Amino acid sequence: MTTSTDHDSATLWRDGRPVYDRGETVCVVGAGPSGLASIKNLREHGFGVDCYERETGVGGGWNWRHDRSPVYGSAHLISSKPFTQYPDFPMPDDWPDFPHHGQVLSYLERYADHFDLRPHIWFGTEVVKVEPADGTRWDVTTRSTGGYGAERTHRYTAVLVANGHNWSPNLPMYEGLDEFKGRVIHSSAYKDPAELRGKRVLVIGGGNTGCDIAVEAAQQAFRCWHSTRRGYWYAPKYVLGRPADQVNDAILRLRLPLWLRQWLLQRTLRLTVGDLRRFGMRRPDHKIFETHPIVNSQLIYQVGEITRFRQYSVELSDGTEVEPDLVVAATGYQPKFEFLAPETLAATADGRPRLHLHAFSRRHPTLAVAGLLESDSGLLPLVHWQTVAFARWLRLREAEPRRAAEFWAGTVAKEADRRWTGAKVQDTPRHWFEVGHVDYLRALQKMIDGLAAGVKA
Ligand SMILES: Cc1cc2nc3c(=O)[nH]c(=O)nc-3n(C[C@H](O)[C@H](O)[C@H](O)COP(=O)(O)OP(=O)(O)OC[C@H]3O[C@@H](n4cnc5c(N)ncnc54)[C@H](O)[C@@H]3O)c2cc1C
């Protein structure tokens, strides 16, 4: 690690422990896509940055070498290139519309190299505690990943948390699961279709990952069942020869009312995908846009929700009893912030942080979370603008504290929690930080404009 500044500048004390003062440096937690954008945008706004990354490389979840990476061999982007790339760093023209996960990693590595981000990252270093310190500053305690070595605490002017929300498996408890003699894995442990070959496989979960694995099981396994809680809308990757998210974006930009967009897309799906009930799939119990869209052109059959497990079988809500020897639970992930006290993020009883724009702490103006979003499009452009907004906010605080306080009181602290999507999304854990990218980007733009007006005035 080489930085232009000395990492251990001055020593303070907290509960008898030394605390190394990092002055005006900002701490970033994690060097995945969100952390990389955070480092780059904070640096471009003149801040010193110390980023801590528990793994030994950049790329977060897209780095398949990482312990907690959720990607599997065949994973490709489901958002197309222009909606996935950072606005200031395009993906190569000769890449496909939906690049493979290995290309996404290579893209993130190129981004880190192009903007010279690695010198600001402490690899193999895990953040174990982030605590408020004097006034609005933060004490960040780190140690080597795996718990080796001593803990060290540094004091920072601000903290940007970019620890990702796709690494802590959400495994529902089913009646009888303990007595089941087959193998049960979470999708995060699934890497290669060879694991399915010749087996009788039950895939649980109707999200994009569940559908991908169900398709692979249908090709590789001896027998495959796909259990989903409800019927979903399945969008093809291409509509009218264009990536489907690009068509959706064009429609969104026309600012048509939600009912008209729902009607248009439902008709398009009727024409392109047809009525999936012919293949034994259930009719969606909700309107389009009310759950995260499933982008899959291959999935064709499905069974009911799980009622209970028995020793050698699983009972489903439609009355069938199936006998899998491998169950893959593609039941999603739970956001986790073990290094922060829940009250710091004003978290609700079920652990949902309550943040302005799902990013900015209302209670602590120098704390933000980047990337805690589930978007109808790619994540990286949204994270780019979130981190630009945070950097500009910190600059305003420094340059004009009085105006900054007015801005905060009038916007961030005042605005009630909102869902940044026109649709009435399903109230499941997977959907509480669901956003429509057009509405969300407009809201970020408004914040950035407000901050700029504050600086100029
Ligand atoms: C199967 C799958 C398919 C997806 N497809 C798409 C897609 O098509 N388009 C799209 O835009 N998004 C997609 N996503 C979402 C994807 O999660 C994001 O693109 C992106 O990886 C999120 O970036 P992040 O930096 O916020 O989190 P992560 O990628 O999870 O990175 C977080 C980083 O923080 C580090 N970290 C965590 N805790 C600590 C700690 N305490 N101390 C130090 N370091 C820490 C981790 O090691 C990791 O490197 C997909 C996700 C999955 C699971």
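All values below were derived from every heavy atom in this structure, side-chain atoms included, with hydrogens, water molecules and symmetry-related copies excluded. For ligands, and for the atoms within them, numbers begin at 1 and follow the listed sequence. Keep in mind that this is a model prediction, so the values were computed, not measured. Starting from 1, each residue takes its place in the sequence as its number.
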Task: Close N or O approach (Ala370, ligand 1; < 3.5 Å) - done: no
Open item on the list: Distance to the ring centre below 6.0 angstrom and angle to the axis at most 45 degrees; does that hold for Lys129 and Phe339?
Closed with: no
TODO: Could you list the atoms of ligand 1 found under 4.0 angstrom from a heavy atom of Glu55?
DONE: 47 (O)
- [ ] Would you check if there is a donor-acceptor pair between the side chains of Tyr111 and Gln85 at a distance under 3.5 Å?
- [x] no
TODO: Would you give the length of the straight line joining atom OG1 of Thr125 to atom CZ of Arg152, rounded to the nearest 0.5 angstrom?
DONE: 10.0 Å
- [ ] Before signing off on this row, confirm whether Asn166 and ligand 1 have an N or O atom pair separated by under 3.5 Å.
- [x] yes
Open item on the list: Tell me whether Thr125 reaches ligand 1 (any heavy atom closer than 4.0 angstrom to a ligand atom).
Closed with: yes
Task: Nearest protein heavy atom with distance in Å, relative to atom 42 (N) of ligand 1 - done: Val127 N, 2.9 Å
Task: SB check Asp97 Lys81 (cutoff 4.0 Å) - done: no
- [ ] Hey, could you give me the CH2/CH2 distance between Trp393 and Trp408, rounded to the nearest 0.5 Å?
- [x] 5.0 Å
Task: Residue portion contacting ligand 1 (non-hydrogen atoms closer than 4.0 Å) for Val58 - done: neither
Open item on the list: Ring-plane angle category for Phe433 and His358, please: parallel below 30°, perpendicular beyond 60°, tilted otherwise.
Closed with: perpendicular
TODO: Classify the angle between the aromatic ring planes of His76 and His100 as parallel (below 30°), tilted (30 to 60°) or perpendicular (above 60°).
DONE: perpendicular
- [ ] Would you check the N or O atoms of Glu338, main chain and side chain alike, for any that come under 3.5 Å of an N or O of ligand 1?
- [x] no
Open item on the list: Under 4.0 Å from a heavy atom of Gly164: which atoms of ligand 1 are those, numbered in the order shown and with their elements?
Closed with: 26 (O), 27 (O), 28 (P), 30 (O), 32 (C)
- [ ] Would you mind checking which non-hydrogen protein atom is closest to atom 13 (C) of ligand 1, with the distance to 0.1 Å?
- [x] Trp62 CZ2, 3.7 Å
Open item on the list: For ligand 1 and Leu379, I'd like to know whether there is a polar contact (N/O to N/O, distance under 3.5 Å).
Closed with: yes
Task: Polar atom proximity, Tyr72 to ligand 1 (N or O, under 3.5 Å) - done: no
- [ ] Kindly state if atom 51 (C) of ligand 1 has a protein heavy atom within a strict 4.0 Å cut-off, that is, under 4.0 Å?
- [x] yes
Open item on the list: Below the 3.5 angstrom mark, is there an N/O of Leu77, backbone or side chain, next to an N/O of ligand 1?
Closed with: no
Open item on the list: Please check whether Arg54 reaches ligand 1 - meaning an N/O of the residue sits under 3.5 Å from an N/O of the ligand, judged on distance alone.
Closed with: yes
- [ ] Look at atom 9 (N) of ligand 1 and say which protein heavy atom is nearest, naming residue and atom and giving the distance to 0.1 Å.
- [x] Ser79 OG, 2.8 Å
Open item on the list: Here's one to test your reading of the geometry: is the NZ or CZ of Arg395 within 45 degrees of the ring axis of Phe47 and under 6.0 Å from its centre?
Closed with: yes
- [ ] Would you sort out whether Leu357 and Met447 count as a side-chain contact (heavy atoms from CB on, under 4.5 Å), showing the intermediate values?
- [x] CA-CA 10 Å; Leu357 281 162; Met447 177 167 181; 3.8 Å; yes
- [ ] Report yes if Glu53 has an N/O atom closer than 3.5 Å to an N/O atom of ligand 1; otherwise report no.
- [x] yes
- [ ] Give yes or no for whether the N/O distance cutoff of 3.5 Å, strictly under, is met between Gly59 and ligand 1.
- [x] no
